[in-house]
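The structure displayed is predicted, hence computed values, not measured ones. Each chain gets a letter, A, B and so on, in the order the sequences are listed, and its residues count up from 1.
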Amino acid sequence: MSKTQNSYIEPFRHPDHGELNSFGWRWIIHYNILPTPHAKVILRKQNKGRTKVTAVDLKQTVLVDKDLQIRAYYAGHVLGAAMFYAKVGDAAIVYTGDYNMTPDRHLGAAQIDRLQLDLVITESTYATTVRDSKYVREREFLKAVHKCVASGGKVLIPTFALGRAQELCMLLDDYWEQMNLKVPIYLSSGLTIQANMYYKVLINWTSQKVKSTSATRNAFDFKNVHSFDRSMINAPGPCVLLATPGMISGGFSLDVFKQWAPCEQNLIILPGYCVAGTVGHRLLSANSPAKVNVDESTQIDVRCQIHQLSFSLHTDSKGIMDLVKFLSPKHVILVHGEKPKMALLKERIESDFGIPCYYPANNESVCIPSTNYVKAEMSKSFLQSSLSPNFKFLKTISRADADFILNERTESFVQVCDDRVVEGTLAMQKEKQAKIVHQNELMVILGAENHEVQVAYCCPVCVSYELKDVALAPGENMPPVLDKRSLLHLLYTKLSNDFQDVTIQNDGDRLQIESFTVSACLKEKCPHRIHVKPDSTSEAVNFCCMWSMEDEKLAWRVISIMKNLELKTG
Amino acid sequence: MKFTCLSEGRGYYFPPCHIVNISGFRVLLDCPLDLSALSVFSPLPIVISSLLDEKTSNRRDQSSSNSESVRQEVAESLDSKSLIQAEPWYKTVKSLQLWSIYSLDVVLISSPMGMLGLPFLTRLKDFRAKIYATEAASRLGKLMMEDLISMHMELRQFYGPEESGCPQWMTWEKLELLPMALKDIVLGSEGTELGGWMSIYSAADIKGCMEKVQSLKYAEEACYNGSLTIKAFSSGLEIGACNWNILSPKGSIIYLSGSVFASTNATSFDYKALEGSDFLLYSDFTACNDVDGEKNDFPPATGSSLSSDIGSCWETITESWPDSDEYSEEMEKVSFICSCALDTINDGGSVLIPIGRPGVMLQLLENVSLSLDSSNLKVPIYFVSSAAEELLAFSSIIPEWLSSQRKERFYSGQPLFTHIQLSNEKKLLVSPAIHSSEFLTSWQEPCIVFCPHWSLRLGPVVHLLQRWRADPNSLLIVEEGADINLTFLPFKPMSMKVLQCSFISGIKLKKAIPLLKLLQPKHVLVPESLRPHISCWNPKFSVRYFSENETVVMPKLKTYADMDIDMDMASELLNDTKMIQEKSIARLKGELLVEQGKHRLVLGNKQVLSAQVRPLLFLGRVDLDSFLMALQKMGMKATAQHVQSTDGSENVSIVHISAPNEALIEVTSTRTTINVADETTASLVSEAVRSTSVYF
């Protein structure tokens, strides 16, 4: 037996939340691997020089070294986002990163196999929120944009370079097509058209619908999207501009914001979440119209409308619960959320599914026991015996009379169950792997022979003849026509009434309960018959009983009933 | 494990086909079509190319009428008229029909070419197997099948609707009249292959087939029936082509199909994933052809003025294992072809490239356009195929299936292929068919045309070949094939230049043995023709050889399969062991989970478990003396008596117990029967038996 291994997992956060699969960073350092082609592109862009990155494809099982095996699953958060499954020996975990359980217009829902897991580490940004359909939220967003441009306003959408920008472009481009709008949509130079090229190639990461239409037209071939030049900031007429950085923390989106915010016609679309200290955060917390300090010296009079993107790329609490239920791991760790909400979610996970759940703080270690299996070998006949069905038929009517069953078929039914219990023998020898064999093979292994031990008793049972019409002829002691089968059937009927908790099999010649068998014995001399005082009061018929030792109790229970029995024929 | 090779195949276009039995499951490896056999049919006799150019001057009237009278009595000399003039049928792997379709459990497709015959199987009512193919292979395979149908339709329109039953040419009278060369192809060298011919499948058959395919990514685990874990690893032969790793409870099996170490476009051969298997099925026949040394020296009578046999000079390349320079080799070939094409264009001729390998074709497309650009030639490139548009669109969204060079381009911000840009710039003109008006209006000569089909019997290539065959300035680029003489037959006399080239389609002999050394399998199954090379090298692992239609039974690896025991259960078991003959024995009872090819024992439901009692197991025999002693200790009066059993074969000892209650115990060497009338005595005697014998 090998010693128990423990997995140590420390939660940590990535500063650029929502854009990157934060899982990768630690793993890059240790294992020289990471994410999906898309995430790799981002890494290239943002982190030049980090060359020890290998792109993995969804569902591809990568053997990092001889112990560690990882696999990526589609997460549906942004393009290229993945959940990671990692396995070391028998211990396995899933790290979700950010994911989304509901499909939207362009991205599919997270997809994962049912896995045997010790631990699931899930994000919990929306630990307590339950959101309705994303389609409604998307509509709201599009309506707000449409309303603004229809009245000649300019729309500013600050966003991060990759991922969200392309998705919003898709959304807008689709809508523009539908509504036949001609207002230009611009991407700022930070979001070059070239970045779109990656997305054209990565069409396989979008939803099924987008993928299936890609043969005719790639969804990232935007018809209405153009690149934006700084000189166009003050150009007249309505437009939609997607500019970096998101949250208006500086740069180009701040420049545009300064110009456009004072005009009432204009609209600024803010992401659902802005880091404290950014202009975006200040805008969200202030009531419009308001004055906002963009830096120490400048104050902007914000008169424009502000719309908050309410469709989030994160899963809601229902999604988290669904995922945890689906995966049914042995433990859950919540990361990436607000403490009080995480505490509530932890309660729910523990009470609903009975899975221990943790939400450690940054730099806090949680120790989780991992699964280990003992390796053994099994023989073919053991496996075959385990796989063969073990049907049991439970009668669910109180009357056990077979004749009645035939007549009242509608009222009686038989319950079939197939509880397969594996039975075998584990044989261990020093310095050899443990073997699991079928009982019959054990003798060969041990080099011994089976010795059968049985207990037997030929039990007399009183029989009375109720012959109404024909009187017994004085010379005839033996019953006229009483064969073994009918005697046995009489006994069967009696016993069935008394033993409703066990199954009695009647194959005509004998009854069987577990290892206990009974058959009518009409022999003059039976070896199993022990001399007992003959009961002179009534006729007796002998029944031979045989059983193995382990059914001793049952056997004597049956026999005691048989002894006190009076079988009535007629 | 049993292995049967149904067909050794022939190179890239006709991959091998085998059946393997793996722990009770029957697995079919590939289901190809022998499309080279199409050469027995005559191509469309009508010269549509006249549509392209009204003022055609040098067109020789090739009015090969389809009237029966033209066909003379047995024409031993092969000419274009001896070809079968009928709607073509397709040659499948004959031996596959000897197997019951119903008995197939799994079909593994290792390249797009390997699935062309699949609809013939899947349309059968009895077909119930699960098909696995990589996503890219199934997509390319589907495109190829659909393209085949659309090209075939042209011929069907010409010959009219299919006659029911056996076509005319398949009757024995007609077959007898065929020249030897054609008869060999139709009937096979042993005259048994006529049954392998099938009429084309329908679009519905393809659709039905694709619905049954489960597509996988490279290295994605698929689990069949809980016991076979199947993984595909790139083989480098083609985009989406793969080798298979099948993990069964009895051991791991690698199916190694034609593999290329450094492919130009496809992901390279992932041989590291194939290391250390129990069985390796070596099904790459490239090395066997190396052995033969037959480099297809074609008779000069092909009518080609430039029969440049560059193939042979390409072969003389030194390799240093494992550093492979296959990539640069292939790129050299490509650039040589480009330079030939460029020369032809400079001479005012056109170039016709009917190459059927998607990877090579895409590479050529890109390089030809680059070399045109670099020499400032404004010559249109046409890609005429019903699959053209979809192939180009598909190839530009599959970075995960492409070579590291292509991926590198993608990461550095360039498109995977330049063809999207080329068609935007109108340098590349894509058309589904040669008779589309768009194509005809844009037609311009000289030009470069990529089009199917490589057999030169179907598709746009037939028309263009008839147009250009007499033009000594034009160039036809074809791959080395089985019988180039027969292939060119309907187009003779040809004054067109022909460039024959060969592209790498497997592991060369020089690399085969180092590869096997590296992979270190326990058992290897290799083609018979490799025997001299393998046996002289004396490998450490056991080697078996196979040839077509022979079943090889592989040695059993393990009599015991692996199993995992849950920790809880293991600790419970350990508390319950008994030492018998220096072995610890424990009774085991629990639930068996079979999942992902793994067997796992867990404690299971207590209630269900306790409901089942297993009989005690007694070993050896009851020692009579100590048994009597034990009985007496319990205060019983017991006497023993030895008698012969009724049939006299056994010694029976009978123990009488007279007090306190009567009982009779019969002991033989194999059984003990306790005859007793009351419970107390019974339990006491039982106790005595237990205490004096080994039981478990």
Side-chain angles (χ1 to χ4, degrees), chain A residues 1 37 40-41 44 57-62 90 194 197 200-201 203-204 214-215 372-380 383 386 419 421-429 435-436 439 445-457 514-515 527-528 530-532 548-552 556, chain B residues 217-221 390 393 396-397 399-400 410-411 413 415-416 559-567 570 573 580-581 583-592 599-601 608-609 612-621 662-664 670-677 679 682-683 686 689:
Chain A
M1 311 254 166
K40 182 167 169 180
V41 171
R44 278 286 167 102
D57 197 4
L58 290 178
K59 292 197 172 176
Q60 186 182 348
T61 309
V62 182
D90 296 319
Q194 201 197 19
M197 200 211 68
K200 282 184 203 168
V201 176
I203 197 90
N204 284 329
S214 72
N372 265 298
Y373 288 105
V374 180
K375 304 281 176 220
E377 291 177 325
M378 60 177 166
S379 73
K380 197 175 173 184
L383 183 62
S386 314
D419 290 322
V421 174
V422 174
E423 283 189 292
T425 312
L426 180 78
M428 286 173 290
Q429 209 171 355
K435 281 193 174 109
I436 298 172
Q439 185 176 309
I445 287 189
L446 294 176
E449 266 179 70
N450 190 7
H451 188 88
E452 206 177 332
V453 178
Q454 277 199 313
V455 189
Y457 175 48
E514 305 294 344
S515 75
H528 309 310
I530 302 293
H531 176 73
V532 223
S548 318
M549 269 183 200
E550 73 277 355
D551 287 321
E552 210 172 26
W556 291 108
Chain B
K217 309 250 187 197
Y218 283 143
E220 178 179 346
E221 277 180 9
E390 208 177 328
S396 57
I397 57 164
E400 60 269 43
F410 166 60
Y411 292 139
L416 289 170
T559 41
Y560 287 88
D562 289 332
M563 130 101 66
D564 289 345
I565 306 174
D566 191 59
M567 265 300 177
L573 280 175
I580 300 173
Q581 299 181 356
K583 292 185 182 80
S584 319
I585 309 277
R587 280 193 171 217
L588 180 134
K589 202 171 188 187
E591 248 173 57
L592 181 71
H599 294 85
R600 200 165 284 157
L601 262 184
V608 176
L609 290 185
Q612 296 186 8
V613 192
R614 193 168 52 166
L616 292 175
L617 208 59
F618 290 87
L619 305 174
R621 51 165 65 220
E662 232 177 317
L664 191 131
T670 56
R671 77 162 47 228
T672 298
T673 316
I674 306 164
N675 301 302
V676 68
E679 194 172 350
S683 67
S686 300
V689 172

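- Residue B:Leu592 touches chain A through both its backbone and its side chain, counting heavy-atom pairs closer than 4.5 Å.
- One distance of note links CG of B:Leu588 with OG1 of A:Thr425; it measures 7.5 Å at 0.5 Å rounding.
- Residue B:Ile585 touches chain A through both its backbone and its side chain, counting heavy-atom pairs closer than 4.5 Å.
- Looking at B:Ser396, the atoms closer than 4.5 Å to chain A (heavy atoms on both sides) all sit in the backbone: N, CA, C or O.
- A:Ser379 is linked by a side chain to side chain donor-acceptor pair (under 3.5 Å) to A:Glu441, counting only residues two or more places apart in sequence or in another chain.
- Formation of a donor-acceptor pair under 3.5 Å by the B:Thr673 side chain with backbone atoms of A:Gln454 is not found in this model.
- When all heavy atoms of B:Ser683 and A:Glu552 are compared, the pair lying nearest together is CA-OE2, 3.1 Å.
- Considering only heavy-atom pairs separated by less than 4.5 Å from chain A, the leading option among B:Val689, B:Leu601, B:Asp566, B:Asp564 is B:Asp564.
- Under the 4.5 Å side-chain criterion, counting only non-hydrogen atoms from C-beta, A:Glu452 is not in contact with B:Thr670.
- Closest of all the heavy-atom pairs between A:Gln60 and B:Tyr218 is CG-O, 3.2 Å.
- Not a single side chain to side chain donor-acceptor pair (under 3.5 Å) links A:Glu377 to another residue, sequence neighbours left out.
- The shortest distance between side-chain heavy atoms of B:Asp562 and A:Lys375 does not fall below 4.5 Å.
- Residues B:Ile565 and A:Ile436 meet the side-chain proximity criterion, which asks for heavy atoms closer than 4.5 Å.
- For A:Met549 against B:Ile674, the heavy-atom pair with the smallest separation is CE-CD1, 4.3 Å.
- Going from atom CG of A:Asp57 over to atom CD of B:Glu220 covers 8.5 Å, rounded to the nearest 0.5 Å.
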